[in-house]
Structures are given as C-alpha cells and as structure tokens.
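So that the names make sense, note that chain A is the first sequence line, chain B the second, and so on, each numbered from 1.
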Amino acid sequence: MVRFASVAALALLASSLPVPARAAGAPLPPEPGLWWDVTMEMTMRLPNAAAPQSHTSTERECLPKKAPDRPPPRSGECTFQDFRRSGPRVTFKLRCENGVTGEADLLWTADTYSGTTVMRGQGMENRIKLKGKKVGGDCDANEKERREQAEAEGGGEETPEVRNRKQLCAEAAEGGDPAPFLAAEPGGAAECKDATRFCAALETRRGLAQLRQSGLEDAPQQAGALCKKDVAAIERRLCAALAKEPEKKVTADAEASEFLFGSCPDLAKGMARRACAGRSFTGMPFAQREFCTRWAQEALQGR
Amino acid sequence: LTLRGLALAAAAALAATLTAPARAGEPPAPAPDGGAPDRFPRAGAAYLVVRDGLVLWARNPEAPLPPASLTKVMTALLAAERGAPETWLTVSPRAARETGARLGLRAGEVIRAGDALAAAVVASANDACLALAEHVGGSVEGFVAAMNRRAAALGLAATHFENPCGHDAPGHRASARDLLALTRAFLAVPALRDLAAREKVEVVTRGGRRMTATTKNSLLGRVRGLTGVKTGTTEAAGRCVIARVEREGSEVVVVLLDAPDRWFTAAALVEAAFREGRRG
C-alpha cells in the first residue's frame, strides 16, 4: 500500500512537471532527483471494524529536485481545492467524484517535512501521517517508472522490478503472507497471480500464523474464498493436534506459539497461565520467556 | 474510500511538501506523533512506544508523574556535559548516607567523577549519584537548579526536579514524553550511550578499595538488540523503565511508568512495535 502510494506520488509529481510531451512508447527521460527517507503511518477505520488498522513504513525514494509550486488542480477523479500556504504551513482539500473528501495539513523545512492527510467517505476514514527527511545524493527520479514502463510493454529482458516482484510472491507464498495474493479493495487486483503455494501454506501452522498476523481484518475469509478452503476448519484441526503435543515443546517453539496465539486463543490462554503466571522475567529459559512475552502482548490488550 | 484515494492523498501531500523552497532559519518540523492510540491499556499508568521516531502507541504521555531513578538520566546528562570524568571527588557524609540502591561508598572516600557517573547510570547507585551531583553542582541544591534549567532548555514542560537521584518528593515529576526527549539528549552523548548498555562496572577508590556496580535492568541480555537505558522504582513511582532496542537498522524506544510487571510489559511492547513494523 505504501509503495503504491509512493509510486502514485511520483507519478503525480511527474505528471505535473513541465516536461516535454513524449511519443507513446518512448522511454521517460532522466529526471534529476534527490534521495528522501519517507515515512508514512496510515491508520484506516473501516465500517463495522472494532479497531482501526495501522500500517507504517519508511522507504527511501528518489523524488524530483524540481517540482510544481502546488498540486495540480485535478488528478483522476479528484480535484484539489483551497490550497493555502502560510510560512512553513500548507493546507489544501481534496474532493473526488465518488463522494470521498480529504484534507492535508503539512509543515516543511528545506530538508524535512511532516504532516497529516485525512480522507473520508463511504463510512471509512483514512489518516496518513507523513514524515520526510532529505538524505541527499543525486538520483534519477524517473528510473522506477521507466522500468515499470518497460515491464508493462513487455520489452527486453526481465527488469529488477519484475525479479523483485517474483521474489516477493515466492517469499509471501512460503511464509503464508496473504497480502500480495488478496486484493486490498473490492474489485482491486492482487499483486501475485499464482496462489498455488500460498494456498498450500494455508494447511500449515506457519501459513496460518502469517495469515492472522497480516493485519487484514477478514484475511481468513478472503484466503478461504481465494483457495476454496475452509480456513476455520483447518485451524480447528491443527489446534486439536497442537493440544496433544507436550506443552513444554509448544511453548519453546516460536512457530507453534505464533500459530497458537493467532488461531487457538482458548488453548493459548490455558497454556500461558500454566507456563507464565507468577513466573519472573529473569527466572525462565529464553524460549519460554519469548512465549510469555508474546502472551503479555495479548494480556496487555485485555485478551 | 479506496487504495486509490489513499494514494492520492499521500501523493498530494508529497507533491505539496516537495514544492518548498529552501528557507533559512525555519524551525524543524515537529514529529507527527499526536493522538497515538492506547493499544495496551493495562501496560502502566503512562507509556510511550516509539519506532523510528514515530509514536506508535501512548497512554497519558503528558501526565506529570514521579519518575524515580529515571531522574538520573538528567543527572548523568548534566554530569557528562559539565564534569571532567578524570577528576577526583570526595564522598560527603550526606552522600554516604543515601538510601535505596547503593554502591557502598564511605564518607571521605575519593573516587573519580567518571566512576561515580558509571555507578549512577549502571547500578542506579544513589550514593554515587549524590556525590556526583555535589561535585558537579557545588551543592545538591545548585545541581538541582541546574537540572531544572536544563529541563527548561530541552522544553520539558511537565518536568520538575526536587533532587538529583529520584527520591519521591512533592513536585518531583516528569511526563513520559519529557522522559523520551530527555533520553534522546542522553543517548546523543556517546559515553552515556555506552554506559546505558553495560551490565556492570568496577569502581576503585583512590585508596584502592574495589566495588562492582551491577545493572538493575533485567532486560539487558534478555531482549535481543537492547541497548539500555534506565530503570527506576520508588513507592510513589512504582516500577519504571526506559528501554531502547535496535534491530536491523530499526529503533524502538519504550518509556514505561508505574508498570506492575515492567519487564514482561516492556519486552512485550518492544516485540509488538517490531511486529507492527513488519506489517507496515
């Protein structure tokens, strides 16, 4: 999501720069840029969700040295309005054809910026805290888009982006990370197309633990629909099997513990009470301390 | 509200911010850390969890509370800024009578200021702390006045010190947010950063008596990547800790005040912060 936003930012910036028009298919010219460390903390409140979902990421991005003095008046289905600048502060609003509205309030210096954007509509709210720090060093702000353009046109050999995406899909499948396989919004496109290995991982503790850790509210339902599996039934079966294993073995096994806390909460509570209650932090072996620390995370949230 | 909408908002924000011309003398932008959620309501009376400069979760971060020996973060900072570690100091009867955690110094003994600082940071030794404060400030009262001036200079609005070592006293207060800012200043001093991560130091008096100061921080050696920094306990403050952890280029700082089970709680907050990072 963050990468998408950053890419969109670059695209938006690029689209609003006074660069000469280029013929379709012609490669983007190099655009002098500088490296920035960009941190985005997104908090999304969804309808019927008990708690907001948060995602934070810091990435190094090459952004153009030259940029327009304000956002373009229109981008896609949205228009920018009420652009105001007062000293280091910039505010503006956003209104989209689908009823979504937004506002931004930002502060900057020559080398840093920070601020918040909020988008509301369709019963949801999305708050993005932004923080940027210029790290310097010359780069080509169009390089990423040029590679993606080459990839989209199918020309030439495999680009680093394509290789990276293949690797990401392979790693996500191996670890059971559902995000790249599931569309993040209704009608959206998943990043990885071949879900065979991901679906196989759903039969494993590791895959299910990753699924529960993904932060996606309805990940088990989405994964079940994608893979045509009854995820809840698989969890019940694996929890029952885990209950038969010696507790000392389970609490010393990080992978089993992660699955336990994510998929078998009642079983986890019982084991944690026996393994952790009344025990001191310093007086237990390393593996068991890790298990009890994991339990403490749940307990501190009142689970 | 869609991913596209999200991206658009972020894009707009980035586009706008990148338009800024260089402006000399502008204040640095404040960290966008307002309104962090209280995800762990049972953690303690107050806490802050910060990852890579962003506050992830907080509870009562502005509340002025007794800081116990977290006070010594300021004492150490001032001593490091003002004192010469190689100079000798004489332990006063008042310092030797200090209660709570102690190194075991005797009135009239002479030790190096740097050793007193190390014992105060590593073992939270109150006798070494008071001897150091008297040496650096000329008197306890003079040192406390300097502590409060330094707190004001750092912008610690919810902080006031009544003594150098963290004893409970009316008006002796600091907020979790102030302690975070203070810890940043402390960790910016390489010698203090090094001390905060040590499990023990040996102190030798000028007369040749050897003493070992051992850390009170049970997280050291038990939480992967922990680099210190300070613990504190008094009746009024409860159990407190400031912890900093570094893993794979990412940093988590936890400030935790009045936490009944501070070790498990601090460790859990650290792990939760890094897990949150993996999701991002």
Quiz prompt | Salt bridge flag under 4.0 Å for residues A/E258 and B/R275 | solution =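 Looking at B/R275 together with A/E258, the answer is yes, because their closest N to O distance falls below 4.0 Å.
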Exercise. Decide, yes or no, whether a salt bridge links A/E298 with A/R294 under the criterion of side-chain N to carboxylate O below 4.0 Å.
Key: yes
Quiz item: For the candidates A/E103, A/E290, A/K134, A/R289, which exhibits the highest count of non-hydrogen atom pairs separated by less than 4.5 Å from chain B?
Solution: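 Top option by heavy-atom pairs under 4.5 Å: A/R289.
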Practice problem: Go through the side-chain N and O atoms of B/N60 and B/Y47 and say whether any donor and acceptor fall under 3.5 Å apart. | Solution: no
Quiz prompt | Region of A/T282 in contact with chain B, defined by heavy-atom distances below 4.5 Å | solution =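 Both parts, backbone and side chain.
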Quiz item: To the nearest 0.5 Å, how far apart are CZ in A/F291 and CZ in A/F261?
Solution: 4.0 Å
Quiz item: At a heavy-atom separation under 4.5 Å, does B/V223 approach chain A through its side chain, its backbone, both, or neither?
Solution: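 Side chain only.
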